[in-house]
Protein chains: 2
Amino acid sequence: MTSVEEPARSNGRTRDAARTQAEILDVATQEFARVGFAGARVDDIAARTSTTKRMIYYYFGGKEQLFTAVLERAYGVIRDAEQELDVEHLDPVAAIRRLAELTFDHHEQHPDFIRLVSIENIHGAEHIAASEKLGRIGSPALDVIRRILESGQKSGLFTADVDAVDLHAMISSFCFFRVSNRHTFGALFGRDLVDPAQREHYRAMLGDMVIAYLTAPRAED
Amino acid sequence: MTSVEEPARSNGRTRDAARTQAEILDVATQEFARVGFAGARVDDIAARTSTTKRMIYYYFGGKEQLFTAVLERAYGVIRDAEQELDVEHLDPVAAIRRLAELTFDHHEQHPDFIRLVSIENIHGAEHIAASEKLGRIGSPALDVIRRILESGQKSGLFTADVDAVDLHAMISSFCFFRVSNRHTFGALFGRDLVDPAQREHYRAMLGDMVIAYLTAPRAED
DNA sequence: ACTAATGTACGAACTGGTGAGTTAGTAATA
DNA sequence: TATTACTAACTCACCAGTTCGTACATTAGT
């Protein structure tokens, strides 16, 4: 009850621009992922940080740029994770299966990222298009797929006529849908695609699907 | 059957509750699909109709209920389409491929529906959950898949251990992702998944994938 | 002392929703 | 047929609360 006018020393927090920005990004990521871009409230985001709304405008300029910054950081995380991929010591079949499993795991572990991407798609990917940072971001995973695919096709193990981008789309679609459409799918068909008890089932299903596709005997014509 | 008591509505100028409601739903569908639930403006929706905002509240009660009504109608369309499925005269392999192709086509032809479902997932499917109409809507496609699957498994043609819901998820994920994630995927990897020139390629890819998975030789253990 | 970092208070524009009144269609009645 | 009574369909103007953004004051670190 020290009713003496206490200087705004609420917590022993020192000034730290990087820390403040990171905190804003953390909260903004949660909020945007939770309710979308238009649904998110700048005041709410500010209220959940230890700083003020003014700082959001000071550091990011506006709601739109804040969302872009959130996207940039989220994509940065996944790119960093992809850079740690280490599957090329395996034979092509095992490598692809392992890669699919890692994609599966990563999607499951980052539902907020999935939601952000869904939201960005609703907005026609306009923030990605406007971002220099995201414009020419390479995909390490794509490079890995490309090499494995080439090796598997050269040895005749892989018969399918796909390139790395297509295979990446195939793997991603399954992993992404499972998380992104969890709610409507569950509500309509009574099955939770992210039920932990079913996790191994769907993980194996993905691997089986991709390998079956890549190695299936082709019809000659 | 020239019914005399048919209300005279030669042009759209006369009063017609059903017509007004349908017009509101049409416009609302476009708007919600375009900018999401929170992004949509009731005033804008009203302005694009030939009636007024007050009518939206008169007929639907509010923005939330309007969105639910939009969803209900959108799901009704897809259910009606599924009811016209006629593939069971084909052998299991051909039937599944045809079903996958029809799903592929339907997704491609209804991008607004895809967007609405994406939006509803951002909202945790709360509108579907709250809707009596959508709560216990059966899926004709699921019944068809179930029968084909059973037939194919009984004959030993299909070796995969999946049920109809899982297979539906697999097919849907590919078709849905291709449309829903078109923009981010295109921006990041420089490939338009909905490019008409690539349409047949992806359509075949889906069928090949599903059939390869269902008929792949299983490892005995 | 100087500047980057931060906080407070405020406002113009917007947004979902509503109150109150009007018009068109219809059916019963005279 | 003409009048009346009634209701569904509709319009307009406005409110109460919200929302993004900013002007201005203040503080901490060097």
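On a predicted model such as this, the values are computed, not experimentally measured, just so you know. Numbers restart at 1 for each chain; the letters A, B, ... are given by sequence-line order, proteins then strands.
Atom CD1 of B/Ile56 is separated from atom C1' of C/dT18 by 14 Å (rounded to the nearest Å). Atom-to-atom, CD of A/Glu23 to P of C/dT6 comes out at 10 Å; the value is rounded to the nearest Å. One interatomic measurement links the two molecules: CZ of B/Phe60 to P of D/dA9, which rounds to 12 Å at whole-angstrom precision. For B/Arg19 and D/dA8, the CZ to C1' distance is 17 Å, given to the nearest whole Å. Between A/Gln65 atom CD and D/dC20 atom C1' the separation is 12 Å, expressed in whole Å. For the pair B/Met55 CE and D/dA9 C1', the interatomic distance rounds to 6 Å; values are reported in whole Å. One interatomic measurement links the two molecules: NZ of A/Lys53 to C1' of C/dA9, which rounds to 10 Å at whole-angstrom precision. Atom CD1 of B/Ile24 is separated from atom C1' of D/dT11 by 13 Å (rounded to the nearest Å).
Phosphate proximity of D/dG21 to A/Tyr57: present, with a side-chain N or O under 4.0 Å from OP1 or OP2. Note on B/Tyr58: every side-chain N or O is 4.0 Å or more away from OP1 and OP2 of D/dA8. Taking only side-chain nitrogens and oxygens, B/Thr51 comes nearer than 4.0 Å to OP1 or OP2 of D/dT11. The shortest distance between the side-chain N/O atoms of A/Tyr59 and the OP1/OP2 oxygens of C/dA4 is not below 4.0 Å. The shortest distance between the side-chain N/O atoms of A/Thr20 and the OP1/OP2 oxygens of C/dT6 is below 4.0 Å. Between A/Thr52 and C/dT8 there is no side-chain N or O to OP1 or OP2 distance below 4.0 Å.
Not a single donor-acceptor pair, N or O on each side, falls under 3.5 Å between the base of C/dG21 and the side chain of B/Arg54. For B/Lys63 against C/dG17, no side-chain N or O and base N or O form a donor-acceptor pair under 3.5 Å.
Between the side chains of A/Arg48 and A/Gln30, a donor-acceptor pair is found at a separation under 3.5 Å. There is a side-chain donor-acceptor pair under 3.5 Å between B/Glu72 and B/Ser131.
Distance from the side chain of B/Arg41 is smallest to C/dG16 among D/dT22, D/dC12, C/dG16. Taking only side-chain atoms of B/Ala17, from C-beta outward, the nucleotide of D/dT22, D/dT11, D/dA9 with the closest atom is D/dA9.
Within a 6.0 Å radius of CD in A/Glu150, other residues, nucleotides and ligands contribute 12 heavy atoms or fewer.
Comparing A/Asp43 and B/Val42 by the nucleotide of DNA chain C whose heavy atom lies nearest to each, the residue mapping closer to the 5' end is A/Asp43.
Within the nucleic acid shown, A/Ala38 has no heavy atom closer than 4.0 Å to any nucleic acid atom. As judged by a 4.0 angstrom heavy-atom cut-off over every strand, B/Ala18 is placed among residues making no nucleic acid contact.
Between A/Phe37 and A/His127, the ring planes lie tilted relative to each other; the angle falls in the 30° to 60° range. Using the six-membered ring where Trp is involved, B/Phe67 and B/His123 have ring planes that are tilted, between 30° and 60° apart.
Side chain of B/Glu120 to main chain of B/Ile128: a donor-acceptor pair is present (N/O by atom type, distance under 3.5 Å, no hydrogens or angles).
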